[in-house]
> 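Questions regarding the structure given below will be posed in turn.
We number each residue from 1, following the sequence as shown. Please read all numbers here as calculations on a predicted model, not as lab measurements. Computed over heavy atoms, backbone and side chain alike; hydrogens, waters and symmetry mates excluded.
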Amino acid sequence: MRYLCMIYSDETAPEEPGVSDWDTMMKLHNAFGEEAGKAGVVRGGEALQPTSTATTIRVRDGERLVTDGPFAETKEQLGGFYIIEADDLDRAIEWAAKIPHPGGCVEVRPIIDFG
């Protein structure tokens, strides 16, 4: 089964202990990607631009409403994701716990297979 692992953190928080810059964080993600890739688990993943670049679209009564920014105000913002393949939720959680997310969290959700 495929799982979406969404990485959330506070974009406005000061840098987290042990991760002082973008390069360090990318090294951590590259190490995770290498380990998960060798295990045949990763099916995709990307980092996202900050929420300040987001656009939200709603359609109400046939009218399209476009606004800058994310739909909801939250303390943690979606910063990236991985799609992983795992036999069950327990195994997906094991892999999700290895995803670098200092000070944030990783939400794991099963992907519906319409095939």
> Which distance, rounded to the nearest 0.5 Å, do you find between the OG1 of Thr55 and the CG of Asp68?
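Interatomic distance, Thr55 OG1 to Asp68 CG, rounded to 0.5 Å: 5.5 Å.
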
> Show your working on ring-ring contact (aromatic ring centres under 6.0 Å, His included) between Tyr3 and Tyr82 and close with a plain yes or no.
CA-CA 8 Å; Tyr3 294 86; Tyr82 287 98; over 10 Å; no

> In Å, rounded to the nearest 0.5 Å, how long is the span from CG of Leu28 to CD1 of Ile99?
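Going from CG on Leu28 over to CD1 on Ile99, the span is 12.5 Å.
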
> Side chains of Leu78 and Ile7: closer than 4.5 Å at any heavy-atom pair?
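Side-chain contact under 4.5 Å: no.
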
> Do Phe32 and Ile93 land in one hydrophobic cluster if side-chain heavy atoms of ILVMFWY residues count as linked below 4.5 Å?
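As far as the 4.5 Å side-chain criterion goes, Ile93 and Phe32 are connected within one cluster.
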
> Check this for me: Arg43, atom CZ, are more than 12 non-hydrogen atoms of other residues, nucleotides or ligands nearer than 6.0 Å?
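Counting neighbours around CZ of Arg43, more than 12 heavy atoms of other residues, nucleotides or ligands fall under 6.0 Å, so yes.
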
> Check this for me: Glu94, atom CD, are more than 12 non-hydrogen atoms of other residues, nucleotides or ligands nearer than 6.0 Å?
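Above 12, so yes.
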
> Grab the two heavy atoms, one from Ala96 and one from His101, that are nearest each other, plus how far apart they are.
O-CE1, 4.4 Å

> For the CD atom of Gln77 and the CE atom of Met6, what is their distance to the nearest 0.5 Å?
14.5 Å

> Can you name the closest pair of heavy atoms from Cys5 and Val108 and give their distance?
SG-CG2, 4.1 Å

> Flag yes if Ile111 and Val42 sit in one hydrophobic cluster, no otherwise; membership is Ile, Leu, Val, Met, Phe, Trp, Tyr, and two members link when side-chain heavy atoms are under 4.5 Å apart.
no

> Under a 4.5 Å cut-off applied to non-hydrogen side-chain atoms, are Pro110 and Arg2 in contact?
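No, too far: nothing below the 4.5 Å cut-off.
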
> Quick check: do Tyr8 and Val106 have side-chain heavy atoms less than 4.5 Å from each other?
no

> Between atom CG of Asp113 and atom CE of Met1, what is the distance when rounded to the nearest 0.5 Å?
7.5 Å

> Could you give the distance from CH2 (Trp95) to CD (Glu35), rounded to the nearest 0.5 Å?
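It comes to 4.5 Å.
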
> Starting at CD1 of Ile84, measure out to CZ of Arg91 and round the result to the nearest 0.5 Å.
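Here the rounded value is 9.0 Å.
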
> So, for Pro100 and Pro102, which heavy atoms are closest and what is the spacing to 0.1 Å?
C-CD, 3.7 Å

> Which pair of non-hydrogen atoms, one from Cys105 and one from Glu76, has the smallest distance, and what is that distance?
SG-OE1, 3.4 Å

> Verify the cluster assignment for Leu89 and Ile83: are they in a single hydrophobic cluster under the rule of side-chain heavy atoms below 4.5 Å apart?
no

> Carefully, step by step, assess Arg58 and Thr56 under the rule side-chain contact (heavy atoms from CB on, under 4.5 Å).
CA-CA 7 Å; Arg58 297 180 205 114; Thr56 299; 4.3 Å; yes

> Can any side-chain N or O of Asp61 pair as donor or acceptor with the backbone N or O of Glu63 at less than 3.5 Å?
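Checked: no pair found.
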
> Can you confirm whether Leu65 is buried at CG, in the sense that more than 12 heavy atoms of other residues, nucleotides or ligands lie under 6.0 Å from that atom?
yes

> Would you say that more than 12 heavy atoms from the other residues, nucleotides or ligands in this model lie under 6.0 Å from the CG of Asp88, or not?
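Yes.
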
